[in-house]
Every structure is written in C-alpha cells, then in structure tokens.
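All values reported here derive from a predicted model rather than from experimental measurement. As the structure lists them, so they are numbered: ligands from 1, and atoms in each ligand from 1. Values reported hereafter were calculated over all heavy atoms of this structure, with side chains retained and with hydrogens, waters and symmetry mates removed. Index from 1, following the sequence.
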Amino acid sequence: MSAPPPKACVVGWPVDHSRSPLIHNHWLKKYAIAATYERVAVPPRDIEGFLTSLARNGYIGCNVTVPFKQAAYRLIAHAEPMAERLKAANTLWLAAGRLHGANTDVHGFLANMDEGAPGWRGEGGPAVLLGAGGAARAIAAGLADLKRQPLRIVNRTPARAEALLKELGIDGDIFGWADGARALDGARLLVNATSLGMRGAPPLDIDLAPLDPAAIVADIVYVPLETGLLAAARRGGHRTVGGLGMLIHQAAPGFARWFGRWPEVTQELRERLKRDIGGG
Ligand code: ATR
C-alpha cells in the first residue's frame with residue numbers, strides 16, 4: 001500500500017476565518033502536488049500536546065496563528081534567526097524528527113511592500129508604525145533590518161511600544177494616539193499594524209494631512225480590502241499597499257519548505273481571496 005499523501009495544517013484558536021487553507025490548497029492544485037492542507041482548531045490547553053505530536057498525527061508541518069506564535073517558539077527545537085529575534089514562530093516543520101520553526105511575517109511584509117510600492121526600500125525619511133502587538137513587532141524588525149530611521153511608534157499603550165523597542169534592540173520614538181499629528185509630521189511611510197479599521201473593530205481615526213505628500217501608506221488589515229485608512233490615503237494622493245499581499249507572501253516559505261517548490265503569488269490567487277473576503 002502506498003503512503004498517505006503528506007499533510008500540513010494551520011492551527012489556531014479560533015481558526016475558522018484563516019485563509020491559509022485557501023492559499024495552500026490553491027497552490028497544491030496549481031502545481032498538481034498530491035498533499036493536503038487542513039485547518040485545525042486547538043484550544044490553548046492542548047496546543048503543546050498538538051505541536052509535540054505533529055508527526056504522530058501525520059503532519060509534516062504547520063502554520064501557527066493567533067494566539068499560539070509565542071507558544072510555538074517555546075516548543076521548537078530549532079528556531080530560524082527571525083523567529084529567534086521575534087520570539088515567535090508561525091511556520092513549523094519536522095527535520096530529523098525535531099520541530100523547526102521560522103517567522104515568515106517579516107518576509108510577508110517586505111515582499112508585499114516590494115510588490116505594492118516598488119522602490120520603497122531606497123526611499124528614506126521618517127517611518128511611522130501604528131501598533132505594538134505581534135504584527136507590529138515583525139514590521140519593526142523588518143524596517144530595522146533595512147536601517148529605516150527614524151522610526152516612530154504610535155500605540156495606545158506606550159509601555160508595549162517601549163518593550164518592543166527594547167526587546168528588538170532598536171531605536172525609535174514613542175507616541176500616544178493623542179500625539180498622532182506630531183508622529184506623522186513629514187513621515188514618508190505609514191504602516192497600520194493595529195486591528196483598527198478591521199471589520200467589526202473600531203475605525204482607525206487619524207488625520208493624514210501631516211504626512212509628507214510623497215508618503216506611502218500601508219495597512220496590514222485586509223478585511224475589508226479597502227480600509228478607511230487606505231481610502232483616505234488614496235484620496236490624499238498617496239501610494240497605498242493593502243494587507244492581502246502580506247498574508248499571501250507570508251505563506252510562501254512554508255509551502256516551499258513542506259512541498260518542495262516556491263509558489264507564485266499571482267493575480268489569480270489574489271482574486272480568489274478577494275472573492276472569499278468579499279463574501280464575508
Ligand atoms: P497582533 O498580534 O495581531 O498584532 P495584538 O498583539 O493584539 O495583535 O495587537 C493589536 C494592536 O492593536 C496593539 O497595538 C493594540 O494596542 P495596545 O497595545 O494598546 O493594546 C492595538 N489596538 C487594538 N484595539 C485598539 C483600540 N481600540 N484602540 C487603539 N489601539 C488598539
């Protein structure tokens with residue numbers, strides 16, 4: 001009897017809204033790879049047991065989403081440098097029976113920016129990051145690696161922004177929301193890494209007027225696809241980068257690792273996701 005096809009999964013709690021199965025199954029079909037990618041909801045009390053018995057359950061690896069990225073980091077035997085730096089892993093695989101992990105959010109952010117705002121890496125000037133949670137940490141690390149300075153972080157809870165800078169060992173200035181206008185003054189890049197503006201969350205209410213007229217505005221929120229921030233930025237004549245591409249690009253390294261080929265991020269895949277998101 002032949003061996004069952006390899007399987008990978010995304011694990012989270014809740015995980016119903018994860019689009020990772022759509023992305024990976026699209027690529028598996030496109031490249032005619034006989035494998036499956038599943039969605040697995042695991043309650044927090046069971047995550048350690050689940051991740052430490054991946055192989056026994058027939059998985060070659062998995063994506064890890066909210067709220068388990070830190071727990072996954074603690075459980076892996078070997079962390080790639082970015083996972084080590086962020087103390088969080090979102091892509092796991094087995095090698096010689098041991099659990100390895102990477103953090104591909106930084107790659108996702110950078111690749112999406114490269115696609116949506118070509119040439120942005122060479123443009124200097126102040127960069128503003130809204131938020132200090134897990135997504136913001138990945139983006140701050142990516143910007144720091146590009147030596148993007150000055151970095152200004154705006155967060156509701158300034159202590160979290162302080163911890164972010166300290167733990168990543170990077171320089172930056174911290175602002176509260178009341179100081180938003182000062183933070184945005186003359187900035188050439190604005191990235192929203194909060195959940196504000198997401199469907200069901202409060203709106204992101206920020207005046208973009210103080211930005212440099214040539215500033216790029218990016219949002220990690222992709223539900224809705226056109227957030228209020230992106231719409232306002234477009235009206236103001238700014239180049240904009242939506243969050244959907246970050247989601248797709250962060251998936252590519254895991255796919256390559258598990259299934260042996262680097263997948264293409266195509267317009268066709270974007271359209272499939274857009275239809276899915278548009279429908280709820
Ligand atoms: P993620 O891992 O997706 O980044 P998170 O760690 O919960 O999620 O971070 C969410 C971010 O959105 C944080 O910066 C949070 O601000 P706090 O650090 O002050 O909690 C921000 N955020 C969420 N809801 C907010 C709200 N209603 N007003 C202002 N900021 C908000």
Side-chain angles (χ1 to χ4, degrees), residues 10-20 44 47 63-74 82-83 85-91 101-110 112-113 127-144 151-168 170 172-184 190-208 217-224 227-230 232 241-251 277:
V10 55
V11 50
W13 184 260
V15 76
D16 320 2
H17 287 91
S18 169
R19 264 84 185 183
S20 291
I47 189 63
N63 281 126
V64 178
T65 189
V66 176
F68 298 138
K69 294 183 189 183
Q70 284 88 2
Y73 166 76
R74 289 192 294 271
M82 195 50 88
R85 182 138 170 238
L86 296 170
K87 307 275 180 271
N90 71 342
T91 303
N103 191 305
T104 67
D105 287 334
V106 179
H107 165 79
F109 169 69
L110 296 176
N112 187 38
M113 290 295 296
V128 180
L129 179 58
L130 306 178
R137 290 171 95 83
I139 292 166
L143 292 175
L151 177 65
R152 303 170 181 167
I153 301 187
V154 182
N155 201 46
R156 173 178 61 182
T157 315
R160 259 187 118 189
E162 270 165 42
L164 181 158
L165 291 174
K166 189 159 171 251
E167 284 158 30
L168 291 178
I170 60 181
D173 301 309
I174 297 169
F175 298 81
W177 282 101
D179 264 345
R182 223 159 41 84
L184 266 59
L190 172 68
V191 184
N192 175 41
T194 72
S195 47
L196 296 172
M198 193 184 289
R199 194 175 289 158
L204 172 53
D205 198 8
I206 193 163
D207 178 14
L208 301 182
V217 176
D219 204 333
I220 65 157
V221 173
Y222 58 87
V223 183
T227 60
L229 173 68
L230 294 178
V241 182
L244 190 62
M246 179 170 170
L247 173 78
I248 306 176
H249 283 287
Q250 66 76 32
I277 290 163

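- Among protein heavy atoms, the minimum distance from atom 28 (N) of ligand 1 is reached at Arg156 NH1, 3.5 Å.
- Atom CG of Leu129 sits about 7.0 Å away from atom CG of Leu164, to the nearest 0.5 Å.
- We find the CD1-CG distance between Ile277 and Leu244 to be 5.0 Å, quoted to the nearest 0.5 Å.
- Partner of Met246 under the side-chain contact (heavy atoms from CB on, under 4.5 Å) criterion, out of Ile220, Val106, Val241, Asp219: Ile220 alone.
- Close approach to Arg160 involves these atoms of ligand 1, each under 4.0 Å from a residue heavy atom: 6 (O), 9 (O), 13 (C), 17 (P), 18 (O), 20 (O).
- His107 meets the ring-ring contact (aromatic ring centres under 6.0 Å, His included) test with Trp262; sequence neighbours excluded.
- Interatomic distance, CG of Asp105 versus CG of Asn90, reported as 4.5 Å (0.5 Å rounding).
- Close approach of ligand 1 to Gly131 (heavy-atom distance below 4.0 Å) involves ligand atoms 14 (O).
- Considering Ala88, Ala138, Gly133, Ala193 only, the shortest heavy-atom separation from atom 5 (P) of ligand 1 involves Gly133.
- Taking any N or O of Ala136, backbone or side chain, none lies under 3.5 Å from an N or O belonging to ligand 1.
- Counting protein heavy atoms under 4.0 angstrom from atom 10 (C) of ligand 1 gives zero.
- Every N/O-N/O distance between Thr194 and ligand 1 stays at or above 3.5 Å.
- Close contacts between ligand 1 and Ser195 involve ligand atoms 12 (O), 23 (C), 24 (N) [criterion: under 4.0 Å to a heavy atom].
- The side chain to side chain donor-acceptor pair (under 3.5 Å) test applied to Glu167 returns Arg137, not counting sequence neighbours.
- Around atom 15 (C) of ligand 1, the closest heavy atom drawn from Ile139, Asn155, Leu129, Leu164 belongs to Asn155.
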Test side chain to side chain contact (heavy atoms under 4.5 Å, CB included) applied to Leu229 and Leu190, step by step: CA-CA 10 Å; Leu229 173 68; Leu190 172 68; 4.1 Å; yes
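- Shown in contact with Leu196 at under 4.0 Å from a heavy atom are these atoms of ligand 1, numbered in order with element: 25 (C), 26 (C), 27 (N), 28 (N), 29 (C), 30 (N).
- Checking side-chain atoms of Arg152 against main-chain N and O of Asp173 turns up no donor-acceptor pair under 3.5 Å.
- Contact atoms of ligand 1 toward Ala135: 1 (P), 2 (O), 4 (O) (distance under 4.0 Å to a heavy atom of the residue).
- Scanning all protein heavy atoms for the shortest distance to atom 19 (O) of ligand 1 gives Thr157 OG1, 2.4 Å.
- Taking any N or O of Ala132, backbone or side chain, at least one lies under 3.5 Å from an N or O belonging to ligand 1.
- In this structure, CZ on Arg156 lies 7.5 Å from CG on Leu196, to the nearest 0.5 angstrom.
- Looking only at heavy atoms of the protein, atom 1 (P) of ligand 1 is closest to Gly134 N, 3.7 Å.
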